[in-house]
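To start, the structure itself, in structure tokens.
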Amino acid sequence: RDVFKAGVESIGEQCALSACADTVEDAKKAAKEIGFPVLVRAAFALGGLGSGFASNEEELDVLLERAFANSSQVIIDECLKGWKELEYEVMRDSKDNCLVVCNME
């Protein structure tokens, strides 16, 4: 995450605010720093497993309980509802030839 963020920022772009937390206390602190609403995700879970949006501390508490039940770490992300996400699958060989296999919305 940090390497990706540094690469994006090196070309003058910004990344959404995000933080990883190993405790409920750290997760609550991160959510307050980022600002509600936030996306709460269980780390190492590829979505699901307690993920969801929290608009306030009460909703955050519920999501943190679910997320920490499935993972020892949670990710708190800035809410980007309303934005469009485009994801590209790219294959690269040892000679640095690249091929875009597909893109997803």
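Source: prediction; values computed, not measured.
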When rounded to the nearest 0.5 angstrom, what distance separates [atom1] in [X] from [atom2] in [Y]?
X	Y	atom1	atom2	result
E9	F4	CD	CZ	10.0 Å
N56	E58	CG	CD	4.5 Å
Q73	T23	CD	OG1	10.5 Å
L17	K5	CG	NZ	7.0 Å

Taking side chain as C-beta onward, heavy atoms only, is [X] less than 4.5 Å from [Y]?
X	Y	result
V24	K28	yes
S71	F44	yes
E59	F53	no

Please check if the side chain of N70 supplies one atom and the backbone of R66 the other of a donor-acceptor pair under 3.5 Å.
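Yes; judged by distance alone, with no hydrogens or angles, the pair exists.
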Near E65 CD, under 6.0 Å, is it more than 12 heavy atoms from other residues, nucleotides or ligands?
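Not buried by this count: 12 neighbours or fewer within 6.0 Å.
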Should the heavy atoms of other residues, nucleotides or ligands under 6.0 Å from CE of M91 be counted, would the total exceed 12?
no
What's the shortest heavy-atom distance between F36 and A54, and which atoms?
CD2-O, 3.5 Å
S18 and its side chain to side chain contact (heavy atoms under 4.5 Å, CB included) partner, picked from I75, I76, L39:
I75
